[in-house]
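Note sheet for the following structure.
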Amino acid sequence: MDKFEIVVIGSGPGGMSAASHAAELGVSHVLLEASPKHSNTIQKYQKGKHVMDTPTKLPLRSPLDFEAGTREYILDKWEEGMTATSTNILYKSEAASIEGSKGDFTITLKNGDKVGAKFIILGIGVQGNPRKLPCPGAEFEHIQYQLDDPEEYNNERIAIVGAGDAAIENAVGLAKQNTVCIINRRDEFARAKQGNLDSITQHISDGMIECHYESNPARIEENPSDESRYLFYLSTPTGETPVPVDRVIARLGAIPQRKLVESFGIEFPNDSPTALPELSSQYESNVPGMYIIGALGGYPLIKQAMNQGYEVVEYIQGNDIEPADHPLFVEAFDGLPYDKNVNEILEYLHEASPLYQNINPLTFREFILDSKVQEVSDGDRLCVQGEFTDTFFVVVDGSAYVKLPGVGEFRFKPGDFFGEQSLISGRRRTATVYAGEGCVVVETPRRTMVKLQNSVEAVKRVLDEAFMLRAVQSKFTPNTAHSRLVDLVHNTELKLFNAGENIYTEGEEGDDVHLIRLGSVTSVKHTSKKDIITSYMPVGHYFGESGALGDGVRGDTARANVRTETICLSKESFLSLLEMEPGMQTEVQGHVRDRLTIEARMEAQPRGGELMSFFMSEGLGEGTDVLLIDETLCVGCDNCEKACAESHDGNSRLNREAGESFANMHVPIACRHCEHPHCMKDCPPDAIHRASDGEVYIDKEACIGCGNCVRNCPYDVISLQKNPDEKPGLLQWLLTGSGPGPGGKQYKEGDDIKKAVKCDACKDHDSGPACVRACPTGAAMRMNPKDFVDLVGSRFGS
Amino acid sequence: MYQSITNYKGARYFWVALALSALSILAYWWHQPVNSPNGGTWLGYTLGTIGALLIVWLMLLGVRKRSYNSDLGNMQGWTSAHVYLGTALLIVATLHCGLQFGSNVHTLAYVLMVAVIFSGFFGIYAYIRYPNLMTENRAGDTMSGLLEQVQKIDERCLREAETDDLRELVESSVVGTCVGGGWWHQLNARDHSTIVVPPALNLGGRQGQTSNRDQEQVIQTLANRLSELSGGQEAGAVQHLLAAFSAKQILLRRIRRDIQIRALLKIWLYVHVPLSFGLLAALLTHIVVVFFYW
Ligand SMILES: Cc1cc2nc3c(=O)[nH]c(=O)nc-3n(C[C@H](O)[C@H](O)[C@H](O)COP(=O)(O)OP(=O)(O)OC[C@H]3O[C@@H](n4cnc5c(N)ncnc54)[C@H](O)[C@@H]3O)c2cc1C
Ligand code: HEM
Ligand code: SF4
Ligand code: SF4
């Protein structure tokens, strides 16, 4: 067995940079890569993809070159760099297990070979390895797990295994010029996006694609006859059937790296899929001698990964160098009223709040880099009631305060925090907070907070308790001191429900009261024929109180529209809250009465309920600003689309004709500006933000065009587009006919950079969205959840 | 919640237009010129100026429509005002000229104006009436969805045509199917599809290419073929084809109707706008002639 000083696992940008630096320093090393080529993740980008080098301000520190360019150019550069430094790389060497400890690790590869190491650097990314076909014959040549270009295949018999979006997209892409069948383990396509679902069911019903439902791969054998290359045996409920195929493409998803990484001994703080392993400020994991860099450690950009590769080798060599992001901190801390150096300020901030207590130094460093630390003048507003901002504040020095009408001021002291309500609920700010004297605050963007909550259990707990306390108080006992509620909140639970899940069902016993803190809920009544939606409740509303105040039998079914979280108060807690506040009991009874009347009215108008369910299924239940078109007014002039394109550098962000309709209401393909935007979930440069009026927008400069948001948006409203060139003005077009005219576009030659584009609700236009303003007939309109409840009422109510 | 053009903001421009018309009529009635009423009196000048300004402003709708970043009110408001004030113009201009007509450039301007206004009447009728018709006709589908369905039916028919003759028939009908076309074809929505019926299936009909309007020829040919067969595999296939072509017939009707409505919603603008440019030119000439050559 060969033994090395450093073994780097995974040749992504992080791993390659580390290994090359070790080579450069003459340290004995080997780089183990599972696939036959280096940087598998980048190899899988689309051909010709423009790779971006964000964050631009961060200097690069690596023996390998990296600057923005095409994927091919960058891969070539890395190849050259590795040759120049004589980096020792072993391909097709997938690490399967690790034993031993610092100074004496043994890595066992998938093929059984063993490699010894004093130190290990893990840079295996988060893409995971594709799940392999679990059946004999999977090793044949024409069995594959990826499809780059469907056009490459013609007149073949191809079986696609899987039922997710990737499988469907591949099957549909190949069906035109091949005979395609799709093999689905279940009896429906449940995991796919609506668009893909429609497309696959359409292709199946048209006979373009054959679908084998409830079928599992049993084995693949070579076909003795000429008919096809292989026979693919499927085990079906009625026995085993052979399917003649020339090629099998399995799209079974990727095995998350987490299991493998945990088997190496590395611990994660909780089960959340976004949880990150804890690392020291030198990237060392809980296993001494084992280091983690790049995407696996929570740094999702190429340059960050490359810098860490360099730094980690230095650290292993015992050189405590300044991290590459040091100059960024110098800039960020400029102007703060502290006479301290960067590391001292970092330490000072770290100790500023008990909330930060359990965060390790590396995470904290990154956390501060993402945040804004600033001194704010006395009386300035930090956040404004009614705005949609969702940053989170911690007071470091001085104070901040809220003005409570009639009561006076409520002060936040150093160490206190605020902003958790909007952060968690995705709704508007509930109060305006002013800076007091000598106020220094840390303002953190939503994504960083979400990441932190998922990585540090203690932070989540503290925030949740504060949230519950403040939410319950402002809803039920606005005049009662926090201290009287602490015990009650301590005994109160948060409950999470998936989209479509019933929170309780009509007729069952139950007396808990739910206060919605995330998502939205509809109340449904069963009639002899069908279910009728009778009301819609957004964040901040409570329901179930008729159970607590009445006979304890549910009179309706409460159903989560989207992923929903509630503060679940037991009957005792709820009643004791009502006792604390005089007059509350009457108010709540009034609430019950109002609701019963509304529900009765809706029940008498089942069409209204149907329209409401249509709106829910179209995402209006989680949208804050949705474009609707009244088909009885729309003349199809497409002025809305033209206006959108003309006011947004040439690309329209809405597709008027596409999208679903019901009762003459049409929901075009355009952004819903979700409360909790799915698109934000996985954006490596954190380029998607929410403006103060709630508009979700993409920062064009920051976007790297990876397409994650395109996949994550359930309403298919994002697309990757080239930036059209400037064109001649209206007058010039009118007079000389030059250029493509209003609504048309032209491109600069050789410009292939594609970036994500979507509706930004014209946040930079004072008079509002261009689509609505340009509609000559008034058919186009934007709605928030309250508007559409009113709309349903005005169409179908009495 | 939704308001049509005519109801925009409680039909406020209707009241503006009504007031303008009423004032003009009152003034006209009250004003007793020395000669018969005409454009040369002080009231004539006033009404003429108002009318000319109105025309210029009405023309500016085309500019506002394309100024997508404009903060000057929304298009619906503009259009609503355009419709009502455009109508009021009819009264203002008629009173301006005091019903003095002749065969000269002045009357040409008047006639053009009336033509523009009446084409506008058709336009507003279309804008109010046709969207409903279009939605009903499309019944939740999109144009591309309908075309796709037709394509699917074609593909299915090609697969199901069992015998050579049937295949020839289906192929020829698919190739010969046509929708849309130039303006005229779009507007009259007549089917110009053609077909060549293979001799074996052709019972005394015309040889060579014949009309397959509304898919009638294929359906007829298939029906004839079916009556010749008594059971068997071909009969099954012919039945399937008949059903498929009947479905296609209905789809094609809906597609043509959709194309027709869309065309109607646009075609009038091709009259309205050029005529309004003509009107502008005539108006300028009218003013120049009045001031310099009268
Ligand atoms: C479509 C797309 C576009 C993107 N565009 C950009 C961009 O323009 N700019 C940018 O900065 N970032 C971009 N990113 C993000 C960027 O790709 C990642 O941040 C970066 O690749 C992370 O590098 P890494 O070294 O941590 O891991 P990876 O690049 O994921 O590399 C991991 C390597 O480890 C190997 N491996 C995995 N498991 C094992 C094992 N068990 N044994 C041995 N080897 C193993 C893999 O085969 C792979 O080669 C994009 C991401 C995607 C998905
Ligand atoms: C002399 C009088 C008028 C003039 C000069 C005039 C001129 C115009 C012009 C230039 C346009 C812009 C079209 C485009 O650029 O697409 C327009 C549009 C329109 N006009 Fe008129 N118009 C007049 C009277 C009327 C009247 C009386 C009506 C209705 C009763 C009317 C209804 C419309 C409508 C509905 C539009 C379409 C708006 C759109 O789709 O954007 N017009 N007109
Ligand atoms: S892009 Fe999609 S996920 Fe993001 S806010 Fe808009 S609708 Fe929601
Ligand atoms: S905005 Fe979308 S495409 Fe751009 S970087 Fe973020 S996730 Fe990727």
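Protein chains get the first letters and strands the later ones, always in sequence-line order, with residue 1 at the start of each. Only a predicted model underlies this, so the values are computations on that prediction, with no experimental measurement involved.
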Flag for B:Asn132-A:Thr632: side-chain donor and acceptor within less than 3.5 Å:
no
Closest non-hydrogen atoms of B:Ser70 and A:Ser767, given as atom of the first, atom of the second and distance, are O-OG, 4.3 Å
>> Side chains of A:Asn639 and B:Tyr68, heavy atoms from C-beta outward: is any pair under 4.5 Å?
In response: yes
**Q.** Residue pair A:Val772 / B:Asn74, side-chain heavy-atom distance below 4.5 Å
**A.** no
Honestly, the part of A:Ser647 sitting under 4.5 Å from a heavy atom of chain B is both
Contacts satisfying salt bridge (Lys or Arg N to Asp or Glu O under 4.0 Å) that involve residues 114-136 of chain B (not counting sequence neighbours) are none
* Can you find a heavy atom in the side chain of A:Arg773 that is under 4.5 Å from one in the side chain of B:Asp71? -> yes
Most contact-rich option vs chain B, by heavy-atom pairs under 4.5 angstrom, among A:Asp206, A:Asp766, A:Asn664, is A:Asp206
Does atom CD (A:Glu227) have a neighbourhood of more than 12 heavy atoms from anything else shown, all under 6.0 Å? yes
Note: B:Thr135 and A:Glu631 closest approach over all heavy atoms is CG2-OE1, 2.7 Å
> Would you say B:Met75 and A:Cys775 make side-chain contact, with heavy atoms under 4.5 Å?
Replying inline: no
Under a 4.5 Å heavy-atom criterion, the part of residues 253-265 of chain B in contact with chain A comprises B:Arg262, B:Leu265
Original post:
Near B:Tyr270 OH, under 6.0 Å, is it more than 12 heavy atoms from other residues, nucleotides or ligands?
Top reply: no
Exercise. Kindly check if the number of other-residue, nucleotide or ligand heavy atoms within 6.0 Å of CZ (B:Phe121) is above 12?
Key: yes
The interface call for A:Glu660 against chain B, heavy-atom contacts under 4.5 Å, is neither
Original post:
Do B:Lys152 and A:Gln202 come close enough that some side-chain heavy atom pair is under 4.5 Å?
Top reply: yes
Applying a strict 4.5 Å limit to non-hydrogen atoms, the region of B:Ser80 in contact with chain A is neither
Ranked by heavy-atom pairs below 4.5 Å to chain B, first place among A:Cys637, A:Ser661, A:Cys634 goes to A:Cys634
Q.
Tell me if the CH2 atom of B:Trp183 is crowded by more than 12 foreign heavy atoms within 6.0 Å.
A. yes
Under 4.5 Å to a heavy atom of chain A? For B:Tyr130 that would be neither
Nearest heavy-atom contact between A:Glu657 and B:Met143 is OE2-N, 3.6 Å
Could you tell me if the side chain of A:Glu646 sits less than 4.5 Å from the side chain of B:Arg66, heavy atoms only? no
### Query
Taking side chain as C-beta onward, heavy atoms only, is A:His765 less than 4.5 Å from B:Asn69?
yes
